[in-house]
Every structure is written in C-alpha cells, then in structure tokens.
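Written below as structure tokens is the structure these notes are about.
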Amino acid sequence: MIAIGCDHGGFNLKNAIMKKLEEMGYDYKDFGTYSTDSCDYPDIAKEVCKAITSSECDKGILVCGTGIGMSMAANKVKGIRAAHVTDTFSARMTKEHNDANVICLGERITGIEIALEIVEAYLNATFQGGRHANRVAKIED
Ligand code: RB5
C-alpha cells in the first residue's frame, strides 16, 4: 500500500499520480490535502510518514511546490528515508541503493509527464541490499 499526500502546491500533481497508480494497479491511501486551499506541508508529511512507520503502508509519495519542504519534514521522522527526486535515474537509484521509503516531488519544478515516469521508475526499482544495507543501517543509527 502506497501512502500519498500533498499540500496545495502539489495538489494537481498528486491527482495525476493517483490516476497513474490506479492504471498501474497499485493500492494507495490518500492523506490529502483535498483541495488547492492553503495548508502546511509538514502536517501532511507527518501523516504519510506515520502510515509508513506503523506499517499501514510500505512506501510514500509526497508532493509540494518544490518537493523540498516535504522532504525536510519527512526526513525528521525516524525510520523515514525520503528522497527529493527530479529525474528517473535518481528515482531508481534511491530505491536500489538508499532503500528510500518516500519520494518527494515538486509540482512547480517537474512537469507532470516526467513526474509520472519518476514515480514509475521508483516503484519498479528494488533495493539491492548487500553493501548498501550496511550503509542504510548507518543512516538509521
Ligand atoms: C507552498 O507555497 C510551498 O512553500 C510548498 O508547497 C513547498 O514548495 C515547500 O517546500
């Protein structure tokens, strides 16, 4: 189950991503926000991250205007490894090497079609373990 959330700056991209997830056959849970009315991105990041650390969901997608605020907020939560990504290579690598359990996107930065390819690249990637597991464990420490 994928947890997804956005603030007002990421509302349109979140909708496009949810449509893509449905087409790809992924289950997701939408943690809002549900309109373009202004809200605070840390509140949404907190709910999405809580869903992951409680094991209700196994990964998350956060969208704001830049993706930066969401990634800052998400990375404050123990157990969350959030990657702010703007290209498909990074999206794949952050799963393969960093075992990122959240990706953060910026609706005002990344065009919708690229963003959807980023989501696909992330979801299709697999953590490689091995030497990377040791490094990820050090992040958690
Ligand atoms: C909201 O205006 C904007 O600050 C937010 O979406 C995000 O870009 C923060 O990092």
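By convention here, the first residue in the shown sequence is residue 1.
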Between the main-chain N or O of [Y] and the side-chain N or O of [X], is there a donor-acceptor pair closer than 3.5 Å?
| X | Y | value |
| --- | --- | --- |
| Lys20 | Ala115 | no |
| Asp40 | Asp43 | no |
| Asn98 | Ala100 | no |
| Ser54 | Ala51 | yes |
| Asn101 | Gly79 | yes |
| His84 | Thr66 | yes |
| Glu107 | Cys64 | no |
| Glu117 | Thr88 | no |
| Tyr41 | Val63 | no |
| Asp58 | Met1 | yes |

For [X] versus [Y], what's the shortest heavy-atom pair and its separation?
| X | Y | answer |
| --- | --- | --- |
| Cys104 | Gly67 | CB-O, 3.4 Å |
| Ile103 | Ile118 | CD1-CG2, 4.3 Å |
| Phe11 | Tyr34 | CE1-C, 3.3 Å |

Under 4.5 Å between side-chain heavy atoms, counting indirect links through other Ile/Leu/Val/Met/Phe/Trp/Tyr residues: same cluster for [X] and [Y] or not?
| X | Y | value |
| --- | --- | --- |
| Ile2 | Leu105 | yes |
| Met18 | Tyr122 | yes |
| Leu62 | Ile4 | no |
| Val48 | Tyr26 | no |
| Ile68 | Ile44 | no |

From [X] atom [atom1] to [Y] atom [atom2], the distance as rounded to the nearest 0.5 Å:
| X | Y | atom1 | atom2 | value |
| --- | --- | --- | --- | --- |
| Asp7 | Met70 | CG | CE | 5.0 Å |
| Arg135 | His97 | CZ | NE2 | 8.0 Å |
| Leu13 | Leu116 | CG | CG | 7.0 Å |
| Cys57 | Lys29 | SG | NZ | 6.5 Å |

Atom NZ of Lys46 with >12 non-hydrogen neighbours under 6.0 angstrom
no

Hey, is Glu140 close enough to Arg81 for a salt bridge, meaning N to O under 4.0 Å?
yes

Using 4.0 Å as the upper bound for N to carboxylate O, is an ion pair formed by Lys50 and Glu47?
yes

Please determine whether side chain to side chain contact (heavy atoms under 4.5 Å, CB included) holds for the pair Thr33 and Asp37, giving the CA-CA distance in whole Å, both sets of side-chain angles, and the decisive distance to 0.1 Å.
CA-CA 8 Å; Thr33 189; Asp37 293 347; over 6 Å; no

